[in-house]
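Everything below concerns the one structure shown next.
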Amino acid sequence: MTTPDALEIPNRFDFSTACKEIYQAWVDQGCFDANVNKDKKPFTIVIPPPNVTGALHLGHALNNTLQDVQIRMHRMMGFEALWMPGTDHAGIATQAVVERRLKELENKTRHDLGRDKLVERIWQWKDQYEARILGQLKSMGCSCDWRRTRFTLDDRCAQAVRSTFFDLFSKSLIYRGKRLVNWDTYLQTAVSDDEVFTETVHGSFWHLQYPVIDPKPGEPTHVTIATTRPETMLGDTAVAVHPHPTEALARFEAGLREKWNDASAKDRPAIESQLELLEIRRRELLPQLELLAQMAKEGRQLRLPIIGRVIPLVADEWAKPEMGSGCVKITPAHDPNDYEVAIRCKLPMINILNSDGTVNENAGPYSGLTMSKTRIKVVEEMDNLGLLAKTEDHQIELKHSDRSKTPIEPYLADQWFVKMDQLAQSAMDAVNDGRVKIYPPRYANGYLDWLGEKRDWPVGRQLWWGHQIPIWSRSFDSPEQAKSLKFQLESMSERSAGLMTVQIEEPATVHACVRQSDPALELKLHSLGLVRQEDVLDTWFSSALWPHSTLGWPEKSPELEYFYPTNVLITSRDIITLWVARMVLMGLNNVGEVPFSEVFIHPKILDGYGETMSKSKGNGVDPIDVIDKFGPDALRFGLSWLCTETQDVRMPVQYECPHCEAKVNQTKENRQSPTVECDSCKKTFSTQWAESAEDKAHPKAPVVSDRFEVARNFVNKLWNASRFVMMNLSGYSLAGQSSPTLPLEDQWILSQLASVTIKVESELKQYRYAEAARAVYDFAWDHFCSFYVEMAKPRLQDPEARHQVQRVLAHVLDRMLRLLHPITPFVTEAIWQQLNKITRTRDFVTNETSTDWIVRAPWPVPNHEHIKPEIEKQFSHFVALIGAVREIRSRQNIAPKQQISFSVKCSEEMRDLLAPMSKFLEAMANARADEWSDNPVIPSVNAAVSIPEMDVYVDLTQFIDVAAEISRNEKLLVNLVKQIQGKEGRLSNESFVSRAPADIIEKERQALADLVSQRRAAEDAIEKLKKL
RNA sequence: GGACGGUUAGCUCAGUUGGUUAGAGCACCACGUUGACAUCGUGGGGGUCGUUGGUUCGAGUCCAAUAUCGUCCA
């Protein structure tokens, strides 16, 4: 055994070099490898695969820390713990990033490169960022089984995707339909609703007039419609009016009155004014609408201005008599509601949009103009024709593409859908009956509400980066031709082998779905005139399969058998619907079991302004910056410390100037600048936004937050406490008889250790990370360092006591390290290695030999026999006593080196308990106890302090600062009087005495008596002091 | 418009079933550095818990209303 002296262990944990070595050793030893092992129970987490769009930020760091804590804890508990790593191809997000760079750096579009070349470029990007992401995870200490690393676009995921698609298609759960697409005219692709944001912009409400063809006497010559998008009139194929406007208006009014009844007084005036407007509308507009409804029934027609097309006036309930002019223009190809009307009324559909955002030949004279130019021209022309009735100002909620920030042009396109009815129901059932538990439970609402809508899932994307839809199609003019092709396909051997399935989409399109990549079959289909669908699948389609595709599905692999269902999914709340819900329903559909039994939703990390961190806002923080400055353990402990149940984490961040290390607050102004000038040294540094060579020439400033200082300090404290223990273990041995009764302080720390062990485990199992971190922080800092280690110091000098105190120190340190290992893996491993050099037997409860690596050490099992509430209570007398003495010292400004003495008035039991601890009072407060008795000699000049069951008299004969002592007592007196008044008031309250529980009343009485005696003591003291 | 969450010390946050004087870290003040740790130690000052009303012997905690901030879904 070698015991290091102070020089051998530095007084700082050098995380920058140690962590790399430790991590490599863990990997080399296979510490993170999980294998099918029937002797152990599995514990599995699949990582929420980070997008390969860019590097990880602090939100990912939080997410992955929380997972690693669970994995490491369960691994120590003896589970076969598998953390499945991987990344997500992230469809449009990644393609958009690569396309943008292509444009910026080479001034090329994706069409210049072509599909294959672009996809190749994206793979290069993916390789680069995947490496960066996995590197970040490793720096954080994530204990993933890297041998199993997967990617949502790799071959095995592709197999899972095709099998799933084939299965759903065979069950008729996938179909093609019309859907309004959010067309991004800049990227020339459709973007999903989730990739769209709305912005209120200033716009207008134009009232246009369409002439009636051959109006009869008494009939209007024009029909007025109002629109915010006049250019779409070029695609109008009808104008609709409600078939029964009077009834519809009455129903609307009834609804409004009902709302008035339920409304609060504040909201009523608004409804009342609505009702008034309704009355005017009834008088002035309704007769006209009735007339138009009649005309619609008669099949009257209108002439669409500019284009000259004859369009019908139709009766349809979509036209709301309470809205606008009561009539509505119908543009089926650019509005989903109009599309429905067109289906009901059998109207033609005319698309006027080119993919680049210009209007096509259907737009007549404006063909080739952009939509916005077309709008101006249309309005001008309508005005010239005298058909522009009026123009109103109007605030419009305009959709924009999140990727390109340009306005969305909506139009209807063919789209593949997954039918959600049964699938959604299965996922709702799983949560309702508790097979999947969501923590915190309130998040189940959003999940259930969203699934409850059972909206079909549009899965096609007009992209090149993703899983291409495995369908080959051919359209015919007549249904007979389609049927004949279907027959031909169905007689092929591949169909009978279950490799292909065929369906007809009305009226005359044949779709063949192919189960797995099969060039020969594809060639055959091609020769029959079938062409593969261009679209790729929504990125969430492959993500939805992640828990089982990573384990080998569709094969019945041993891993799938053993590790599935996984135990918990840890993620953030914004993808509960997009991802969590879909994993549940796909898991149930494909494997027949839920993918995980628990879901933990953790808080989000916000910046100093309460905004979510994101790369585009420029307020993201690279966890590597934090690791470089504070170390990975501090990052992890800090994030766990902040991970409370209800609060998002607000984290103001600063640039750290690379020239002078001063902090520069990150603000809304500077967070997107490529360079920033330091407030204090006035030199310039660069940021993540630096692109030009000139900007990059400035050194880059890391972005950090002082919210990690708590954790950094804690890691340092832990390191140094361990260092102290190790420096004092010479002669240590676990062997040898210990005294039959341990001294109070030993029993106390062992009791605290057992309690904190129970608490940490139970909190972590409930995903209450902050509580667990706080519990272990308090134990390590306050209980172990501030008291136990301090009390160990005199005992280590005492040959009689040394052996015993070493045993307890080693035992507590060993277990504390294991308890902390899931949260702070590196520093605990580093200490463990040092400790192993001194001794391998440290746990006097189990007598076990310590493991080579703490990562493989057993999770500490609390020793319930050590828990002694009465010991903890007794110890609190000591804590109170030392506090009282220290306060007097401080108030009297007595130099620390100056010893003082005091007497204690207390019971015999208390004397027997505390007198043996006198040496600690000398060491910890430089105070000597002269006497412990029920009637001590009281020093002539003293400061008296009353604490529970004791009166302490500190001898101030040599030190008295009368003024300070009077002021201390007066302050105390004020406080006491306040409390006494409160208690007296309560106890003299008849209803309190008669209704409150007896034990509460007794407690109050006791407390009051105590306070009164303290008040008398303080008053006496003041009186005496004033005489001095 | 709907759902959910926040509002407690200068800042960032805890506060379990309602029960002594509402806690922590940072910041602040005073004192302290010849071996665990100044990324430290000791002590101190500082909040009546967004507002209003209610239930109760007793409310930061339960209920209602209201203000305000945020998130998600329409």
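Between the CE atom of A:Met924 and the C1' atom of B:rA36 there is a distance of 14 Å, given to the nearest Å. Atom NZ of A:Lys759 and atom C1' of B:rU16 are 8 Å apart (whole Å). In this structure, CG of A:Leu642 is placed 16 Å from C1' of B:rG6, rounded to the nearest angstrom. Between the CD1 atom of A:Ile575 and the C1' atom of B:rC72 there is a distance of 13 Å, given to the nearest Å. Rounded to an integer number of Å, the gap from A:Tyr767 OH to B:rU16 P is 22 Å. The nearest whole Å value for the distance from the CD1 atom in A:Ile1000 to the C1' atom in B:rU17 is 13 Å. Between A:Lys978 atom NZ and B:rU20 atom P there is a gap of 16 Å when expressed in whole angstrom units. Atom CG in A:Asp778 sits about 8 Å away from atom P in B:rG25, given to the nearest Å.
Residues A:Glu771 and A:Lys759 are not paired through a salt bridge, judged by the lack of any N-O separation under 4.0 Å between the basic side chain and the carboxylate. Between A:Glu1004 and A:Arg986, at least one side-chain nitrogen of the basic residue sits less than 4.0 Å from a carboxylate oxygen of the acidic one, meeting the salt-bridge criterion. The pair A:Glu453-A:Arg455 meets the salt-bridge criterion, with a side-chain N (NZ, NE, NH1 or NH2) lying under 4.0 Å from an Asp/Glu carboxylate O.
For RNA chain B, the stems formed by at least three consecutive Watson-Crick or G-U pairs, with both atom-pair distances below 3.5 Å, span B:1-7 with B:67-73, B:10-13 with B:23-26, B:28-32 with B:40-44, B:50-54 with B:62-66.
For the atom pair A:Ile576 CD1 and A:Ile601 CD1, the distance stands at 4.0 Å (nearest 0.5 Å). Distance OG1/A:Thr828 to CD1/A:Ile823: 10.0 Å, rounded to 0.5 Å. Atom CZ of A:Phe959 sits about 13.0 Å away from atom CD1 of A:Ile888, to the nearest 0.5 Å. Between atom CG of residue A:Leu835 and atom OG1 of residue A:Thr839 there is a gap of 7.5 Å, rounded to the nearest 0.5 Å.
For B:rU61 and B:rA14, the C1' atoms lie 14 Å apart once the distance is rounded to whole Å. Comparing B:rA24 with B:rA3, their C1' atoms are spaced 33 Å from each other, to the whole Å. Between B:rG15 and B:rG47, the distance separating the two C1' atoms is 14 Å to the nearest Å. Comparing the C1' positions of B:rU8 and B:rG25 gives a spacing of 15 Å, expressed to the nearest Å. Comparing B:rA27 with B:rA67, their C1' atoms are spaced 30 Å from each other, to the whole Å. Of the P atoms belonging to B:rG5 and B:rC63, the separation is 11 Å, rounded to the nearest Å. Of the C1' atoms belonging to B:rG41 and B:rG35, the separation is 15 Å, rounded to the nearest Å. A gap of 28 Å separates the C1' atoms of B:rG23 and B:rG54, to the nearest Å.
Among the heavy atoms of the strands lying under 4.0 Å from A:Arg712 is at least one base atom, whether or not backbone atoms are also near. Nucleic acid contact for A:Pro652: none, since no nucleic acid atom lies under 4.0 Å from a heavy atom of the residue. Nucleic acid contact for A:Asp648: sugar-phosphate only, since backbone atoms but no base atoms lie under 4.0 Å from a heavy atom of the residue. No contact: A:Arg1005 has no heavy atom under 4.0 Å from any strand.
Comparing B:rU21, B:rG41, B:rC31 by their nearest atom to the side chain of A:Asn893 picks out B:rC31. Considering only side-chain atoms of A:Arg650, the nucleotide from B:rA36, B:rG43, B:rU12 that sits closest is B:rU12. You'll find that the side chain of A:Lys983 is closest to B:rU20, out of B:rU42, B:rG41, B:rU20. The side chain of A:Asn11 lies closest to B:rA38 when the candidates are B:rG32, B:rA38, B:rG25. For A:Asn716, the listed nucleotide lying nearest its side chain is B:rU39; candidates were B:rA38, B:rA74, B:rU39. Listed candidates were B:rA14, B:rC37, B:rG19. Nearest to the side chain of A:Arg12 is B:rC37. Ranking B:rC73, B:rU71, B:rC40 by closeness to the A:Arg573 side chain, first place goes to B:rU71. Checking B:rU39, B:rU34, B:rA14 against the side-chain heavy atoms of A:Thr644 singles out B:rA14 as nearest. Closest to the A:Lys717 side chain, of the nucleotides B:rC40, B:rU33, B:rG25, is B:rC40. Checking B:rU34, B:rG45, B:rC13 against every side-chain atom of A:Arg707, the shortest atom distance belongs to B:rC13.
The phosphate of B:rU39 (OP1 or OP2) has no side-chain N or O of A:Trp781 nearer than 4.0 angstrom. Between A:Lys971 and the phosphate of B:rG44, there is no side-chain N or O to OP1/OP2 separation shorter than 4.0 Å. Proximity of A:Asn720 to the phosphate of B:rC40: no side-chain N or O atom is located under 4.0 Å from OP1 or OP2.
Donor-acceptor pairing under 3.5 Å, judged by distance alone, is present between the side chain of A:Glu790 and the base of B:rA36. Between the side chain of A:Arg889 and the base of B:rU42, no donor-acceptor pair of N or O atoms lies under 3.5 Å.
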Pair A:Tyr439-A:Phe600, ring-ring contact (aromatic ring centres under 6.0 Å, His included): steps then yes or no:
CA-CA 5 Å; A:Tyr439 299 99; A:Phe600 173 60; 7.7 Å; no

A:Phe826/A:Phe15 under ring-ring contact (aromatic ring centres under 6.0 Å, His included): CA gap, chis, key distance, verdict:
CA-CA 8 Å; A:Phe826 291 106; A:Phe15 55 79; 9.7 Å; no

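Side chains of A:Asn975 and A:Gln979: a donor-acceptor N/O pair is present below 3.5 angstrom, by distance only.
Nearest-nucleotide positions on RNA chain B place A:Pro997 closer to the 5' end than the other of A:Val710 and A:Pro997. The residue among A:Glu771 and A:Pro896 whose nearest nucleotide of RNA chain B lies closer to the 5′ end is A:Glu771.
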